There are 2 protein chains.
Amino acid sequence: MTVTQPTAATHDASDTLLERITQELPSLRRSEKKVAEIVLADPVAAMNYTMAGLAEAADVSEPTVMRFCASIGCEGFQDFKIQLAQTLALGLPVTHSAINPTDSSANLAEKIFDHTISSLDRARRTLDGEEVERAVAVLLDSSDILFVGFGASGIIAQDAQQKFPLFGVPCQAPADFHQQFIAATMSGPKSVTVAISNTGHTEQTLTVARAAKRAGGTVVSITGQTSPLSELADVPLVVRTFEDTDVYTPATSRLAGLVLVDVLATGVALRRPQEHNEAVRRMKSELAAMRHGPDAEESAES
Amino acid sequence: MTVTQPTAATHDASDTLLERITQELPSLRRSEKKVAEIVLADPVAAMNYTMAGLAEAADVSEPTVMRFCASIGCEGFQDFKIQLAQTLALGLPVTHSAINPTDSSANLAEKIFDHTISSLDRARRTLDGEEVERAVAVLLDSSDILFVGFGASGIIAQDAQQKFPLFGVPCQAPADFHQQFIAATMSGPKSVTVAISNTGHTEQTLTVARAAKRAGGTVVSITGQTSPLSELADVPLVVRTFEDTDVYTPATSRLAGLVLVDVLATGVALRRPQEHNEAVRRMKSELAAMRHGPDAEESAES
DNA sequence: GCTGAGATGTAGTGTAGCTACATCATCGAC
DNA sequence: GTCGATGATGTAGCTACACTACATCTCAGC
C-alpha cells in the first residue's frame with residue numbers, strides 16, 4: 001500500500017508517519033525541528049498546507065521543509081502530504097488526541113473509534129504472515145482444539161469457540177480454570193491449545209499452556225508482545241496494538257485478537273475441502289430460517 | 001478533516017471516495033467514466049499517477065480528468081489524490097478485494113484487517129452522536145443493567161458485562177434465553193436492558209426486549225440497521241458495517257458492537273464522580289498484582 | 001582569530017495542475 | 001434532411017508550486 005522508502009534506514013517503513021516524526025525528532029536539525037513541531041501540533045492543518053505555507057508557519061525557508069521531508073523518509077513534499085493524509089485517515093492515535101472529561105459523546109465515539117482503528121492498523125502492520133500460515137496449518141491438522149484465556153482474552157476464546165466447530169473439529173473454551181487445566185492435560189499429539197493473553201504473563205494461562213505441552217499437544221499463543229507465553233508456544237502469534245496508557249482508554253487488544261481469530265478461521269475454511277464448506281453454507285441458511293429475519297443471523301459466521 | 005463540497009448534492013460527504021465514485025458512475029459523462037473505471041480498477045496505482053499519466057491511461061485529455069475530479073466532489077486533482085490516499089489507508093473494502101482460495105495467509109490477514117478497518121470506519125461515520133449521548137445518560141441513571149444477545153451478539157453482551165460492573169451498577173448477561181426473559185420481566189422503572197442483534201430481527205432478543213418494556217424498563221438496542229428491535233427500543237443505536245456478502249467474510253458487525261460498548265462504558269465512566277474512578281483504578285492495580293506480569297492484565301479495563 | 005564543515009537561505013528552473021477558449025458530436029426542431 | 005443549439009471533449013497557454021544548484025552564514029575545533 002504505502003511505498004517503501006529505500007532511503008533513511010533508521011525508521012521502519014511499517015511505522016506510521018507521525019510516529020516516525022516523533023522518533024526522528026531528536027536527530028533533526030534545529031530548523032527542521034521547527035517544521036516537525038508545527039506538523040505534530042496540528043497534523044490536520046499541515047495536510048492542507050502548501051510548501052510555502054508550511055515554510056512560513058514554521059518560520060523557515062522552503063528547502064528546509066524539503067530537507068525535513070527527506071529526513072523523515074519521504075520522497076518529497078507531495079509524498080509527505082500523501083503519507084500524512086493516510087496516517088490521518090486512520091485517526092489520530094491517543095497520544096495525539098487524549099480523551100478528556102469534557103468531550104461530548106459524539107467526540108468520544110470519534111476518538112475511541114479512531115484509536116481502535118489505529119490499533120488495528122498497527123496490528124496489521126506488525127503481524128507476521130509466516131506465523132499465521134503455520135498456525136493455520138497446525139489448526140487444519142488438529143484432532144481437537146482448546147481455547148483458553150481470562151478476562152477480555154476469555155471473550156476472544158469464546159468467540160473462537162463459536163467459529164471453529166464449523167470445521168468439524170471438536171472445540172472447547174471452558175471458562176473455568178480447572179476445567180481448562182484438565183482439558184489441556186488430556187491433549188493428544190494432534191491436539192492444539194490456543195492460549196490467549198495480552199500480556200503473555202497471566203499465570204493461569206501459562207499453567208494451562210505448559211500442561212498442554214507436557215501432554216504432547218501443540219500450543220499456539222496469541223499475545224500482545226513477546227513474553228513467557230509466546231516463548232513457550234510452538235506457534236507464537238503477536239498482535240501489537242497501542243498501549244492503553246489511560247484509565248479511560250478501552251482495551252483494543254481484544255479487538256485485534258478477535259480479528260486474528262477471524263483470519264485463522266477464514267484461513268482454515270479456505271483450505272478445507274469444498275464439499276465441507278457447502279455443508280457449512282447449508283447449516284447457515286437453516287440457522288437463518290430459524291429466525292424470521294430477512295437474512296442470516298449473527299451467530300455462526302465463518 | 002476533509003473539506004465539505006458545496007457542489008454536487010447527490011453524494012454524502014461521509015462516504016468514502018471509492019463509494020462516491022461508484023455511486024456517481026452512471027451519472028458521469030462518457031469519457032469521465034473511462035477515468036473512473038481506471039481508478040476503480042486499480043486505486044493503488046491511481047494514487048501514484050500524475051494528472052498527465054492518468055489522462056493517458058484512460059485515453060482522455062487532462063481537463064477531462066479535472067472535470068472528473070470535480071464531478072465526484074473534489075476540489076481538484078491534488079485534493080482527489082489526497083482523498084484517495086485516505087480511503088486506501090483504511091484498506092479496500094471487500095467489494096474491491098474479494099478473498100479467494102489461492103490467497104496466502106499473509107494476504108488473507110491483510111484483507112481481513114482491511115475489511116474490518118473499513119467497516120469500523122463506516123460505523124464511525126454513520127453513528128448517531130445524539131443517540132449515544134442519550135444511551136450514556138440512560139445507563140448513568142440506571143439501577144441495574146441487563147445485556148442480551150445471541151451468537152456473536154452474545155459475545156458483545158458478555159464483553160459489556162465485564163465492563164459495566166466497574167461502575168457499581170449490578171449487571172447481568174445470562175446466556176440462557178429463559179434466564180434472560182426472567183431478568184427482563186423483573187425490570188424496574190430504572191432498569192435498563194441493552195438488546196443486541198445485528199439484524200434486529202432475532203425473535204428471542206425481541207421477546208426479551210418486549211418483556212423489559214412491558215415491565216416498565218428502558219430498552220437500548222444495538223443493531224446493524226433500522227429494524228423491529230430498533231423500532232421498539234427507547235434508545236436505538238445503529239452501527240452500520242459492510243454487509244457480509246461472502247461465506248468467507250467474517251462478521252465485522254460484532255467488532256463494531258464491541259467498540260460501541262467501549263464508547264458507552266467510557267462515556268459512563270467519564271460522567272461518574274471522580275472518587276469512584278479512583279476506586280476503579282485501585283481495583284485494577286490490585287488485579288494486576290494478582291498476576292506476575294509487568295503491567296495490568298487484560299481483564300477489567302474500563 | 002582563522003579555517004572548514006555543516007546548516008540554512010536565496011535565486012532560478014522545470015513541470016504539474018489548472019483555465020479560457022475552440023472544436024466537435026449529439027440531439028431536437030423545422 | 002438540414003440547420004441550429006446545447007453540451008461534451010480537446011488544445012493551448014498560464015500560473016504557481018515543488019524542487020535544485022549555489023551562495024552565505026554559523027559555529028566547532030585548532
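As the structure is a prediction and not an experimental result, all values here were calculated from the model. Just so it is clear: chains get the letters A, B, ... in the order the sequence lines come, proteins before strands, and each one is counted from 1.
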(request) Before giving the answer on side-chain contact (heavy atoms from CB on, under 4.5 Å), spell out for A:I82 and A:Q78 the whole-Å C-alpha distance, their side-chain angles and the decisive distance to 0.1 Å. (result) CA-CA 6 Å; A:I82 289 197; A:Q78 300 268 28; 5.7 Å; no

(request) May I have the distance from A:D59 (atom CG) to C:dG9 (atom C1'), rounded to whole angstrom? (result) 12 Å

(request) Take nucleotides 17-25 of chain D nucleotide by nucleotide from the 5' end and write B, S or -, depending on whether a protein heavy atom sits under 4.0 Å from the base, only from the sugar-phosphate, or from neither. (result) SSBB-----

(message) With a 4.0 Å limit, can you tell me whether A:T64 has a side-chain N or O closer than that to the phosphate oxygens OP1/OP2 of C:dT8?
(response) no

(message) Check whether B:T199 reaches the backbone of B:H201 with its side chain - one donor and one acceptor, N or O, closer than 3.5 Å.
(response) yes

(request) Identify, with sequence neighbours excluded, every residue that meets side-chain contact (heavy atoms from CB on, under 4.5 Å) alongside A:E110. (result) A:D114, B:R124

(message) Rounded to whole Å, how long is the line connecting atom CG of B:L54 with atom P of C:dA16?
(response) 14 Å

(request) May I have the distance from A:R29 (atom CZ) to C:dG9 (atom P), rounded to whole angstrom? (result) 12 Å

(request) Could you check how far CZ of B:F68 sits from C1' of C:dC18, rounded to whole Å? (result) 17 Å

(message) Can you give me the closest heavy-atom contact between B:V132 and B:L237, atom names plus distance?
(response) N-CD2, 3.8 Å

Sequence neighbours left out, cut at 3.5 Å: what donor-acceptor pairs do the side chains of residues 49-61 of chain B make with other protein atoms?
residue	atom	partner	partner atom	Å
B:S61	OG	B:T64	OG1	3.1

(request) Identify the two heavy atoms, one from B:G76 and one from B:M66, that lie closest to each other, and give their separation to 0.1 Å. (result) CA-CE, 4.1 Å

(request) Check whether any side-chain N or O of B:S31 sits under 4.0 Å from OP1 or OP2 of D:dT9, and answer yes or no. (result) yes

